[in-house]
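Structure first, then comments.
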2 protein chains.
Amino acid sequence: MSGTAAGTRPTGADPLAAALRPVRSGNTFEETVQRVLQLIRLGLVPEGERLPPERELAERLQVSRVTLRDALKVLQDAGLLEIRRGRYGGAFVLPARQDTPSGDGAELRRRAELLGDRLEDTLLFREVLEVGAAELCAARETAGEEEERLRECLAATASAGLADYRRQDTRLHLAIAELSGSVSVAAQYAAVRSTVNELLDCIPLLPPNLEHSERQHTELVAAILGGEPERARAVMRQHLAGTAALLRGFLA
Amino acid sequence: MSGTAAGTRPTGADPLAAALRPVRSGNTFEETVQRVLQLIRLGLVPEGERLPPERELAERLQVSRVTLRDALKVLQDAGLLEIRRGRYGGAFVLPARQDTPSGDGAELRRRAELLGDRLEDTLLFREVLEVGAAELCAARETAGEEEERLRECLAATASAGLADYRRQDTRLHLAIAELSGSVSVAAQYAAVRSTVNELLDCIPLLPPNLEHSERQHTELVAAILGGEPERARAVMRQHLAGTAALLRGFLA
DNA sequence: TTTCATTGGTACAAGGCTATACCTTTGGCT
DNA sequence: AGCCAAAGGTATAGCCTTGTACCAATGAAA
């Protein structure tokens with residue numbers, strides 16, 4: 001105990017804490033499972049579609065094929081993937097089981113419990129990333145192919161049914177993160193959104209919420225394409241506040 | 001080479017790119033070197049001071065002592081650390097060699113080259129993190145011990161000489177990132193700032209810049225403690241624009 | 001001068017991860 | 001019916017990382 005080096009009174013916070021965190025958040029196998037889970041939870045590979053071949057996945061994740069296969073095996077056992085052999089085979093994303101008979105927050109609370117302290121951190125980090133991305137995006141003269149991509153994602157969310165809404169919403173938000181121009185922002189957002197989706201998937205999606213959300217999406221894209229950073233940031237913040245309130249409400 | 005799965009025309013961007021990045025950015029040894037380098041570059045352990053003992057470092061980084069020792073050995077060979085045995089021994093941070101006889105941007109350009117594409121990414125990511133952190137901080141009712149810590153960091157930058165200014169500046173910014181309330185924001189900022197400092201350390205610090213920077217610091221802290229998120233955000237963005245312009249200027 | 005707690009230095013065995021090569025299955029195409 | 005390309009399945013040798021135990025040096029305090 002007692003003071004660390006400079007120690008002008010221990011303000012409760014260790015000054016070295018920012019850098020002295022675990023170098024790895026788990027072994028390669030576990031992190032690989034999480035990464036493949038991202039592909040599924042973000043809807044980057046829709047239900048019924050198949051993941052890239054093992055060799056390609058392993059190379060892109062910079063992981064040995066053995067380790068990747070271990071990860072896929074776990075997800076297969078969990079009922080998330082179906083693995084078929086032979087040409088035209090591969091790992092297919094299975095439809096998510098709706099094991100939330102009681103629409104209340106039982107399952108949600110269980111998952112939130114697992115996150116513990118990290119829940120608040122996740123919501124805050126998400127806000128920083130998304131609000132920042134929206135602003136950068138609007139300040140960046142988004143046009144041409146990029147503009148087309150945004151409009152396409154927006155149209156997809158507008159015409160999506162209840163079943164597919166979450167996926168299209170994720171695609172739109174991820175597009176904004178990518179169009180921010182920083183791959184770090186996009187990468188971190190993908191990780192955070194994967195966690196958020198894990199929670200949101202426990203909550204029933206109501207048409208009124210969806211409509212409200214959709215109006216905000218429209219205004220958000222308009223602000224970005226119109227080159228209005230301040231407005232883009234404000235709309236995004238309000239948009240996220242809605243989701244956060246929804247989650248906190250179910251957890252309270 | 002042809003389309004991926006869903007492929008509505010290859011817009012240049014692979015839709016899976018956000019999740020399919022390398023699981024690990026290198027082996028444990030390399031990442032450990034980087035992490036210890038952070039402690040030094042961020043000035044968390046000042047020149048002349050010593051790092052925590054090997055066993056403690058290894059445990060906090062969740063790395064075997066063997067691996068940690070390999071990392072320290074490299075930093076010792078690089079002339080950044082001096083390792084002494086026995087009680088009251090340890091790894092001491094050596095003063096940085098000033099091997100920039102020509103004050104021009106030769107060394108800077110060399111290091112920027114190594115970053116390549118990641119330079120722009122780093123600056124954008126930094127902006128998102130810091131501007132977001134400042135806003136969260138101001139919206140959070142920073143008071144009591146936290147307020148004291150901010151004021152203390154501000155006072156330290158104000159009274160710091162040229163030699164110690166960068167370190168105190170880093171401490172202030174890191175404090176804001178930590179007071180945002182999100183450990184993820186703080187952790188990511190520490191990593192990014194470490195990279196930025198590596199570049200800044202090649203640039204001579206001029207008194208006019210320092211004064212200007214200090215006025216912004218004062219206003220920033222005032223906005224945070226005054227609970228003015230919009231203003232905190234605006235001041236932080238302008239503050240960062242200065243640094244970015246300085247770097248780009250030397251690189252152009 | 002002796003003691004001893006603290007800190008770095010070394011050795012070894014076990015487990016995890018990788019690279020590489022080769023085998024097996026599948027289903028469209030000839 | 002048979003071929004064959006693409007995909008999953010398996011085996012092995014080697015390196016990286018870890019955990020554990022023990023040795024060696026240092027310098028303040030008794």
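Per chain, numbering begins at 1; letters A, B, ... match sequence-line order.
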Nucleotides 7-20 of chain D: protein proximity per nucleotide (B base, S sugar-phosphate only, - neither; heavy atom, under 4.0 Å): SBBB------SBB-
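Between A/L172 and A/L150, the closest side-chain pair of non-hydrogen atoms falls below 4.5 Å.
Judged purely by atom type and a 3.5 angstrom limit, B/R166 uses its side chain to pair as donor or acceptor with the backbone of B/L200.
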Return all side-chain donor-acceptor pairs below 3.5 angstrom for residues 78-95 of chain B, not counting sequence neighbours, or 'none' if the list is empty.
| from | atom 1 | to | atom 2 | distance (Å) |
| --- | --- | --- | --- | --- |
| B/E82 | OE2 | B/R84 | NE | 3.2 |

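Each salt bridge (Lys or Arg N to Asp or Glu O under 4.0 Å) pair with one or both residues in residues 20-30 of chain A, not counting sequence neighbours, appears once here: A/R24-B/E31. Judged as a salt bridge (Lys or Arg N to Asp or Glu O under 4.0 Å), the pairs with a partner in residues 65-80 of chain B (not counting sequence neighbours) are, in order, B/E54-B/R65, B/E54-B/R69, B/K73-B/D77.
Applying the side chain to side chain contact (heavy atoms under 4.5 Å, CB included) test to A/E198 and every residue at least two apart in sequence or in another chain returns A/R41, A/R111.
Mapping heavy-atom proximity under 4.0 Å, the span of DNA chain C touched by chain B runs 5' to 3' from C/dA5 to C/dT10.
Remark: B/D169 engages B/R193 in a salt bridge, criterion side-chain N to carboxylate O under 4.0 Å.
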